[in-house]
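Beneath this line is the structure, given in C-alpha cells, with notes to follow.
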Amino acid sequence: MDSMRVLIKWAFLAFLISPNLVQGIGVNWGTQASQNMQPSTIIQMLKDNKIDQIKLFDSDHWTVKFFAGTGIEVMLGVPNNHLAELANDYDKAKDWVKENVTKHLYNGGVKIKYIAVGNEPFLKAYNGSNIKTTFPALKNIQKALDEAGHGDKIKVTTPQNADVYESGSNVPSAGNFRSDIKENMIQILKFFEENNSPFLVNIYPFLSLYNNPGFPMEFAFFDGDAKPVQDKGISYTNMFDANLDTLVWSMRKVGIQKMKIIVGEIGWPTEGHVKANVKLAKKFYNGFFKKMATKKGTPLYPGDIEYYLFSLTDENQKSIAPGDFERHWGVFRYDGQPKFPVDFTGQGNDKMPIGAKGIKYMEKEWCVFNGDMKNMTLVPDNLGYACSMGDCTALNYGSSCNKLGSVQANISYAFNMYFQMQNQDVEACNFQGLAKIVKTNASTSECLFPIALESAGTKLWMQTGTSILAGLVVLLSMF
Ligand SMILES: *[C@@H]1O[C@H](CO)[C@@H](O)[C@H](O)[C@H]1NC(C)=O
Ligand SMILES: *[C@@H]1O[C@H](CO)[C@@H](O)[C@H](O)[C@H]1NC(C)=O
Ligand SMILES: *[C@@H]1O[C@H](CO)[C@@H](O)[C@H](O)[C@H]1NC(C)=O
Ligand SMILES: *[C@@H]1O[C@H](CO)[C@@H](O)[C@H](O)[C@H]1NC(C)=O
Ligand SMILES: *[C@@H]1O[C@H](CO)[C@@H](O)[C@H](O)[C@H]1NC(C)=O
C-alpha cells in the first residue's frame with residue numbers, strides 16, 4: 001500500500017517536473033497601434049480562448065501588473081534599443097530586473113518565465129548593429145536574475161529570426177549558422193546550454209512565399225499536398241518541419257545536441273498582399289493547430305513544441321518596410337474581434353474564436369471625401385498625407401478594400417483611417433476642405449471602415465518615413 005502511494009507520488013512529481021508536460025497555447029501581443037485594448041480586456045480574451053502564455057515586446061510595468069494572479073505565463077521583452085546600455089552597464093541590468101521582474105514576483109504575482117533579450121537582433125536588415133551588444137546584455141540580465149534569486153525559475157533567451165541559419169542546398173542537413181554571426185551564435189548557444197535556457201526562433205512560411213515567387217505554395221501549409229523534400233531518408237512535406245530541422249542541424253554542427261527550441265513567432269497575415277488573406281490564414285492555422293495537437297513535433301525535434309502565435313491583434317502603426325502585410329498579423333482584428341473560424345485545440349471545429357468583450361468604441365462617425373469631384377488638384381497631396389500618417393494597406397491589390405469601386409471611396413477610406421487613428425479629432429477630418437464627418441457607416445460588406453477604440457492612448461508616430469512611401473505607392477496607383 002505504502003509503496004503504491006510512493007509510486008503514485010513519484011508519478012505525480014515526475015508529471016509536475018517533466019519539461020515536456022503538455023504545452024499550452026501562446027500568443028504574442030504587440031502594441032504598435034494607434035489605440036490598444038486594455039490589458040484586462042486582453043486577459044479575459046486569453047482566458048475565454050484558453051490561451052495561457054503571452055509574449056510581450058517590452059516590460060511596461062503598468063501592463064505587466066495586470067497579469068498578477070491570472071495564471072497566465074508571461075514572457076517579458078527587452079527592445080533592441082536597450083541592448084547597448086544593458087550590455088555596457090551591469091547596474092542598469094540590475095535595475096531592470098529589480099523594477100521589471102522582482103516587483104512582480106510577490107506571492108500571487110505575475111508568472112514570469114522567460115525574458116526575451118532583444119528581438120531578432122541579428123536580422124540581416126539591422127546591418128550587424130546588435131551583434132556586439134546582444135550576448136553581453138543576455139549575460140548581464142541572467143547574472144542579475146541569479147543574484148536576485150530568480151535564476152532557477154526565469155530564463156533569458158533571445159528570439160531570433162530564422163535568417164540566423166541557412167541551407168545552401170535547401171535541405172535541412174545542409175543547415176548552418178550564417179557565417180557573419182556564427183561565432184556569436186556559438187557563444188550564445190553555449191551560454192544557453194549552461195543556463196538551461198531555450199532557443200527561440202521565429203518561423204514564417206508566409207515570408208518564404210512572399211520573398212520567393214517560385215516557392216512551392218503548398219509547402220508553406222500542412223496539408224501534405226506539396227512535393228516532399230527528401231533529406232537523408234526523411235521526407236519533408238512542409239516548410240515548418242524543414243525549417244526547424246535546419247536549425248537542429250545547425251546546432252548539431254556547432255556541438256549542441258539537445259536544447260529546448262521554442263517557436264517565438266508563427267502566423268499568417270490577412271491583408272496587404274495577394275497571399276495575405278483570411279482564406280490562406282485559416283488554412284495555415286488549421287493545419288498548424290492540427291499538427292500541434294498530434295504532439296509529434298518534427299522529424300528531428302519530436303514531441304510537444306512550445307509556440308507563440310504572431311499575433312493576437314493587428315497593429316496599424318507597425319513599420320511596413322518589410323511589406324504592407326506587417327499591420328495585419330492578428331488572429332483578431334484591432335478591436336479583438338475574430339477574423340475567421342479557427343480551432344486552437346487542433347480538433348478542426350469550424351467555429352469563431354471568442355472575441356474581446358466590453359469593447360468601447362468612439363462615436364459612430366466616419367470621415368469621408370466630401371464628394372466634389374470637379375477640382376481634384378488638392379487630392380494627391382492630401383491623400384498622400386492621409387496614407388503616410390494613417391494606414392492604407394488594406395487598399396492593396398488582393399486586400400479587402402481594393403474593390404471599393406470608386407476613386408471617391410478610395411479617398412474616403414484613406415481619410416477615415418487617418419481620422420480614426422487621430423482619435424476622431426475634428427481637425428483630422430479637414431484635408432483642406434476635401435473631407436467631412438458623416439454619421440452613416442461608410443463600410444461595405446467586404447471593407448470595414450473602422451471606428452477607433454475609446455480609451456485611446458496617443459502615441460508618437462515612429463514609422464513616418466516608411467509610411468510616406470506606402471502613401472505614395474497608393475497615390476501613384478490611383479492617378
Ligand atoms: C523596465 O521596462 C520598461 C519597459 O520596457 C523600461 O522602459 C524601463 O526602463 C525598465 N526599467 C529599468 C529600471 O530599466
Ligand atoms: C542597413 O543598411 C542599408 C543599406 O546601406 C540601409 O538602407 C539601412 O537603413 C540600414 N539599416 C539599419 C537598421 O541601419
Ligand atoms: C482647383 O483648386 C485649386 C486649389 O484650391 C485652385 O488653385 C485652382 O484654381 C482650381 N482649379 C479650377 C479649374 O477651378
Ligand atoms: C482604389 O485604390 C486601389 C489601391 O491603390 C487601386 O488598386 C484601385 O484601382 C482604386 N480604385 C479606383 C476606382 O480608383
Ligand atoms: C459598419 O458596417 C459594417 C459592414 O456592414 C459592419 O461590420 C460594422 O459593424 C458597422 N459599423 C458600425 C459602427 O455600426
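When a ligand or atom number is given, it counts from 1 through the structure's own listing order. Model, not experiment: these values are computed from the prediction.
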Table of N or O contacts for ligand 5, cutoff 3.5 Å:
| residue | atom | partner | partner atom | Å |
| --- | --- | --- | --- | --- |
| ligand 5 | 2 (O) | N441 | OD1 | 3.4 |
| ligand 5 | 2 (O) | N441 | ND2 | 2.3 |
| ligand 5 | 11 (N) | N441 | ND2 | 2.9 |

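The aromatic rings of W329 and F325 sit perpendicular to each other, their planes meeting at more than 60°, with 30° as the lower class boundary. Between F288 and F284, the ring planes lie parallel to each other; the angle is under 30°, not in the 30° to 60° tilted range.
Residue contacts with ligand 2, taken as heavy atom pairs separated by less than 4.0 Å, do not involve S129 at all.
Side chain to side chain, E454 and Y361 fail the donor-acceptor criterion of an N or O pair below 3.5 Å.
Of all the heavy atoms in F332 and I354, the pair that sits closest is CE2-O, 3.5 Å.
To the nearest 0.5 Å, atoms NZ (K318) and OG1 (T31) are separated by 11.0 Å.
Within a 6.0 Å radius of NZ in K253, other residues, nucleotides and ligands contribute more than 12 heavy atoms.
Which parts of ligand 3 touch T377 is read off a 4.0 Å heavy-atom cut-off, strictly below it: atoms 1 (C), 2 (O). Taking every heavy atom of N127 and a limit of under 4.0 angstrom, the matching atoms of ligand 2 come to 1 (C), 2 (O), 3 (C), 8 (C), 10 (C), 11 (N), 12 (C), 14 (O). Against a heavy-atom cut-off of under 4.0 Å, A125 is close to the following atoms of ligand 2: 1 (C), 11 (N), 12 (C), 13 (C).
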Determine whether K360 and D335 satisfy the following criterion, salt bridge (charged side-chain N to carboxylate O under 4.0 Å, His left out), listing intermediate values before the conclusion.
CA-CA 9 Å; K360 290 203 181 68; D335 56 355; over 6 Å; no
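Residue F199 is tested with I262, L189, T157 for a side chain to side chain contact (heavy atoms under 4.5 Å, CB included); the sole match is L189.
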